[in-house]
Amino acid sequence: MQPMSTFVIEGLAGKKTLKGSIKVNGAKNAVLPMMAASVLIRAETILTNVPAISDVAAMGKILEGLGATVVRTNGTLELGMRELSSTVLDHATAKSLRASILLTGPVLARMGSVSFPHPGGDLIGERPIDLFAAGLQALGATVTEFNDSYTFSAPQGLKGGDYFFSTVSVTGTEALMMAATLARGKVTLRNAALEPEVVALAEFLISAGAKIEGVGTATIVITPTALHSPPPAAVIPDRIEAATFLALGALAAEELTVEQVRPHHLDAVLDVIMRMGVRVNVGKDYITVRAPEVLQPVRVRTHEHPGFPTDAHPPTMVLLTQAHGESIMIESIFDGRLAYTEELCRMGAEITCISPHRARVVGKRALRAADIETPDIRAGLAFILAGIVAEGTTRVGNAHLVDRGYEKIEERLRAIGVAIRREE
Ligand code: EPU
C-alpha cells in the first residue's frame, strides 16, 4: 500500500490475448460493515477471507482508537471488543474513509454517544449523512453539529421505532440495522437496501444471536436480544471486483475464468455483457468469459440492487467505448460519477455527457495511451482497463486510491497476461 505510486501499463492495442483464471477476493463493502458490527459484540470476532486493502487497515485503525484490539494474519482478522474506552472516531482516518460512517450506529448503541467528522471518501458526488442522523434520531438519539463534526448521543440507550428511508442507502441501512440490535424495543426499517452486503451483514449479526427478519427485502424488523461471540465468518466475494474482471475478459481475453464468485450477485452485470454479445459460461462459483469479435451497443442504467451496480459503471464504460454503435450509460445514484469520462475521451473514446446522470458513448473507438491521475477507486480500474486495451504505455497515478479496494491488483493482472507494473 504505497502512497503516491503509479501503475504503468503496456497496452495490447486491441489484441485479445489475456488467458487463465483470476480469483475474486472478499468484498470491501462487506468486510467494512462486519468490522463495524464487531463493536456490538463484547467478545472476540474472527473474520476470514478478508482482503488486504487499505480501507480495512483504516477501519482497523479507527477501531483501535476506540480501544479495540485488531490482529491481522494473512486473510484473517481477529477483533477484540471486550473493553472500549473512547467514543470519538480518529478524525483524520474517519475523514479519509466514507465507510467510517458505519461506526456511528454500533458505537452509539453500545456506548451511548459517538463523535466523528463529516466522512470523506471518493470524489463521486455529494455524500450527505442526513439519513444516518434522521434514522438514529427516530431511535431516540440527539444530534449536535459543530465545525463539520457531529456528536450523536443517547445516554439511556436507543429505543424501538419505525424509520422510512426517503432514499435507499446501503450504509444507512447497515448502520441502523446494527444500532437496532442493541435498542430497547423493536425497530422496523422501511425502504431498506437489498444489496448482498446488507444481507451478509444481517447473517453475520444473526450468527451472533441477533433477531432480524425480512433480510433481503425492503422491510427489515430487528427485535433486541443479547449478542454473543459469533463463529468465524467468511467475507462474501466482491461482486464489483468480479464485474471488473468480467469487463476485462469481455474486452481483451481469449478466455478468462473469474473464480470465487456468487453468480446471482452478478445478474444485472451478466445481463448487460450478454446483451453486448459476450459469451459467458456460468458455473456454480465461477464465470468464464471470452472477448467477442464485435461488441453490441447497449443501454445501461445503474440502480440499487438487484439493478446494475453503480460501482461497476466505470469499468463497464470502457466496454461501451469498444461497442460498435451508440450506447447510453445512465448513472442514477451519484451525480459526480461521470467526471472520469473526460480522461477516457483524452484516450480517444467518444463520450458525451448529456447531463450529470447520462452519457452517450459512440464506438468503436481505438484507445491510445495517456498519463492519468485517478480521482477514485472505481475510475482507477476503468483507466487500467482502458490502458490494457489502448496502444502504448498508459500511466495511472494515485494508485493508493486503487489499493483502497483491490488487493495487489498488478500482481493478479500480471498472472493473466497483463503487462502492468507499479512505479514509486
Ligand atoms: N444519501 C443521502 N443521505 C445519506 C446517505 C446517502 O442522500 O445520509 C444518498 C447518496 O448521496 C446517494 C444515495 O443516497 O445518492 C445512495 O448512496 P448510499 O448511501 O447507498 O451509498 P453509501 O452507502 O455511502 C455504498 C458503498 C459505495 C456504493 C454505494 C451505492 C460502502 C462502504 N460503500 O455507499 O461503494 O457506491 O453504496 O451502491 O458500502 C465503492 O466501493 O467504490 C463505493 C463508493
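When a residue number appears, it is its place in the shown sequence, counting from 1. Just follow the structure's listing: the first ligand is 1, and inside any ligand the first atom is 1. Keep in mind it's a predicted model, so treat the numbers as computed, not measured.
- Inclusion of Thr167 in the set of residues having an N or O under 3.5 Å from an N or O of ligand 1 is not warranted.
- Judged by distance alone, with hydrogens and angles left aside, the side-chain atoms of Asp285 form no donor-acceptor pair with the main-chain N or O of Gln260 at under 3.5 Å.
- Atoms of ligand 1 found under 4.0 Å from any heavy atom of Lys28, numbered from 1 in the order shown, are 40 (C), 41 (O).
- Of the candidates Val168, Leu97, Asp130, Val168 brings a heavy atom nearest to atom 16 (C) of ligand 1.
- Residue Ser153 holds its OG atom at 10.0 Å from CG of Leu158, rounded to the nearest 0.5 Å.
- No more than 12 heavy atoms of other residues, nucleotides or ligands shown are found within 6.0 angstrom of CZ on Arg358.
- Heavy-atom separations between Pro128 and ligand 1 include at least one value shorter than 4.0 Å.
- Atom numbering of ligand 1 starts at 1 in the shown order; those under 4.0 Å from a heavy atom of Ile377 are 42 (O).
- Atom NE2 of His264 sits in a sparse spot, with 12 or fewer heavy atoms from other residues, nucleotides or ligands closer than 6.0 Å.
- Considering both main-chain and side-chain atoms, Thr171 comes within under 3.5 Å of ligand 1 through a nitrogen or oxygen pair.
- Annotation for ligand 1: atoms under 4.0 Å from non-hydrogen atoms of Arg98 are 5 (C), 24 (O).
- Here CZ of Arg110 is found 10.5 Å from CG of Leu227. Values are rounded to the nearest 0.5 Å.
- Counting atoms of ligand 1 from 1 in the listed order, those under 4.0 Å from a heavy atom of Arg378 are 40 (C), 41 (O), 42 (O).
- Distances below 4.0 Å separate heavy atoms of Thr310 from the following atoms of ligand 1: 30 (C), 36 (O), 38 (O).
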Derivation and outcome, ring-ring contact (aromatic ring centres under 6.0 Å, His included), residues Phe132 and Phe152:
CA-CA 10 Å; Phe132 296 79; Phe152 294 173; 8.3 Å; no

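- Remark: among candidates Asp311, Thr173, Leu32, Asp55, the nearest residue to atom 44 (C) of ligand 1 is Asp311, based on non-hydrogen atoms.
- Residue Ile129 approaches ligand 1 through these ligand atoms, each under 4.0 Å from one of its heavy atoms: 8 (O).
- Heavy-atom separations between Leu102 and ligand 1 are all 4.0 Å or longer.
- Residue Ile333 places at least one N or O, backbone or side chain, under 3.5 Å from an N or O of ligand 1.
- On a distance-only criterion, Leu131 and ligand 1 share at least one N/O pair closer than 3.5 Å.
- Shown here is Asn74, whose CG atom has no more than 12 heavy atoms of other residues, nucleotides or ligands within 6.0 Å.
- Looking at Lys28, Arg378, Glu241, Arg412 one by one, the single match for side-chain hydrogen bond (donor to acceptor under 3.5 Å, both in side chains) with Tyr406 turns out to be Arg378.
- For Thr257, the side-chain hydrogen bond (donor to acceptor under 3.5 Å, both in side chains) partners are Thr288, not counting sequence neighbours.
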